[in-house]
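To start, the structure itself, in structure tokens.
Every number for a ligand or one of its atoms is a count from 1 in the order of the listing.
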Amino acid sequence: MQEILDELVSGMRQEPDWGEVANYIPELGSIPLRQFAIAISTPDGRLFSAGDADTPFSIQSVSKVFTLAIALGRVGDQLWHRVGREPSGNAFNSIVLLENEKGRPRNPFINAGAIVTTDEILAGRTPGQALAEIVQFIRAAADDTEIHINKAVARSETANGNRNFALAHFLASYDNLKNPPEMVLGTYFHQCAIEMTVRQLARAGRFLVNAQGSPTIISRERARRICALMMTCGHYNGSGEFAFQVGLPGKSGVGGGILAVVPGVASIAVWSPGLNAQGNSLLGTKALAQLARRMGWSVF
Ligand code: GLU
């Protein structure tokens, strides 16, 4: 496995096109483009990694997998009254469907759906308590207490968050927020600003693997369902292409990270900050496609 990862990394380093880093906030826009890392964690806790595997990056929308797990743990199927389970075919921050569908976001992985999910976690809690719960969940999943929020990234998200504020106010106008938009977004921006390395993220994803030895912090049934949503909705309007190329459930973030799951076998984290046109890591996707082919990993 280690050999395969080393080969994969040297192949990636020779790629001519590294995509473009997200530039909607300066903290992400200034990240050096030519970085690549991959880690694989098996259910019994073995960890393989290669490349820039000790460099923390902003997990951004990968956090939506963890908040979905927490919200489902809190309110179960009730969540689906407020958010759907269909791919949107739209960009991560699109507002167009929200009006047509009367304020019920298509799925929990587009921004509007993730804002509703975070609102559910906030019910009966302060933002500080909700964030402590989110960070605690991820630390427990990764079995690592060294996972933190980058406050400067969170502040910058707030300062540049017009689109997310629009989405949150739109949701509120349809009575689909229980807490004030500012409070929900404050929490959402901080959850997006959590930083992890691929080694930490691969370990944190083991609860979705559903195999002997993987942590059961949520039920198997729920892990399966989260994986189904990752497959259909985890890459925004690039979800179909990711399923076609990689054939595994995955969730991307604009920081360039992707968490992918090989059900019953392993959790994989990749990171390369350059994005493709749909806002998903260009080389991260490429590497996952190569790895899946080489290992014969696919849910199909
Ligand atoms: N914080 C980003 C936003 O809400 C997350 C987007 C992403 O990772 O796709 O705009």
Side-chain angles (χ1 to χ4, degrees), residues 19-31 56-68 83 87-96 98 105-119 121 127 131 134-135 138 149-171 177 181-196 198 201 229-230 232-239 241-242 250-260 269-282 284-285:
E20 278 178 41
V21 294
N23 56 11
Y24 72 99
I25 53 170
E27 284 76 6
L28 293 183
S30 61
I31 288 181
F57 61 92
S58 197
I59 67 166
Q60 293 294 326
S61 284
V62 181
S63 66
K64 296 171 184 174
V65 172
F66 302 108
T67 49
L68 176 61
V83 55
S88 74
N90 286 138
F92 67 98
N93 58 2
S94 173
I95 203 166
V96 287
L98 212 46
R106 272 280 171 103
N107 67 67
F109 293 150
I110 51 172
N111 282 13
I115 291 167
V116 167
T117 307
T118 298
D119 181 55
I121 297 177
L131 281 167
I134 295 167
V135 172
I138 297 176
I149 295 172
N150 181 325
K151 298 255 168 58
V153 170
R155 264 195 306 275
S156 211
E157 295 269 359
T158 312
N160 295 279
N162 285 332
R163 181 71 74 106
N164 284 319
F165 278 103
L167 288 170
H169 282 278
F170 215 83
L171 290 164
L177 279 193
E182 290 69 22
M183 195 191 266
V184 183
L185 284 182
T187 312
Y188 170 77
F189 290 140
H190 280 78
Q191 93 186 36
C192 286
I194 291 171
E195 288 190 338
M196 295 170 83
V198 284
L201 186 56
L229 290 167
M230 290 166 77
T232 52
C233 314
H235 283 71
Y236 312 118
N237 44 335
S239 299
E241 188 62 19
F242 185 84
K251 179 74 205 86
S252 70
V254 287
I258 302 175
L259 172 64
V270 281
W271 170 63
S272 182
L275 308 178
N276 62 20
Q278 285 78 36
N280 303 310
S281 176
L282 182 75
T285 308

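- Below 4.0 Å from some heavy atom of Asn111 lie the following atoms of ligand 1, by number and element: 3 (C), 4 (O), 10 (O).
- For atom 4 (O) of ligand 1, the closest non-hydrogen atom on the protein side is Tyr188 OH, 2.7 Å.
- Atom numbering of ligand 1 starts at 1 in the shown order; those under 4.0 Å from a heavy atom of Asn164 are 3 (C), 4 (O), 10 (O).
- Scanning the protein heavy atoms around atom 9 (O) of ligand 1, the nearest turns out to be Tyr236 OH, 2.5 Å.
- Counting the atoms of ligand 1 from 1 in the order shown, those under 4.0 Å from a heavy atom of Val254 are 6 (C), 7 (C), 8 (O), 9 (O).
- Against a heavy-atom cut-off of under 4.0 Å, Gly253 is close to the following atoms of ligand 1: 8 (O).
- Not a single heavy atom of Asn93 sits closer than 4.0 Å to an atom of ligand 1.
- With Lys251 contributing its side chain and Met230 its backbone, the two residues share no donor-acceptor pair below 3.5 Å.
- Listed for the Asn107 side chain is a donor-acceptor partner under 3.5 Å among the backbone atoms of Ile110.
- Each of the atoms 1 (N) of ligand 1 lies under 4.0 Å from some heavy atom of Cys192.
- Listed for the Thr118 side chain is no donor-acceptor partner under 3.5 Å among the backbone atoms of Ile115.
- The shortest N/O to N/O separation between Glu157 and ligand 1 falls below 3.5 Å.
- Ring geometry for Trp271 versus Phe57: interplanar angle under 30°, hence parallel rather than tilted (30 to 60°).
- The closest side-chain heavy-atom distance from Phe66 to Ile194 is not below 4.5 Å.
- The nearest heavy-atom contact from the protein to atom 6 (C) of ligand 1 is Ser61 OG, 3.2 Å.
- With hydrogens and angles disregarded, a donor-acceptor distance shorter than 3.5 Å links the side chain of Asn280 to the backbone of His235.
- Remark: the backbone N or O of Pro127 is not paired with any side-chain donor or acceptor of Thr187 at under 3.5 angstrom.
- Counting heavy atoms closer than 4.0 Å to ligand 1, residue Tyr24 contributes side-chain atoms (C-beta onward) but none from N, CA, C or O.
- Taking atom 1 (N) of ligand 1 as the reference point, the nearest protein heavy-atom neighbour is Gln60 OE1, 2.6 Å.
- Taking both residues in full, the closest heavy atoms of Ala193 and Ser58 are given as CA-OG, 4.1 Å, listed atom of the first, atom of the second, then distance.
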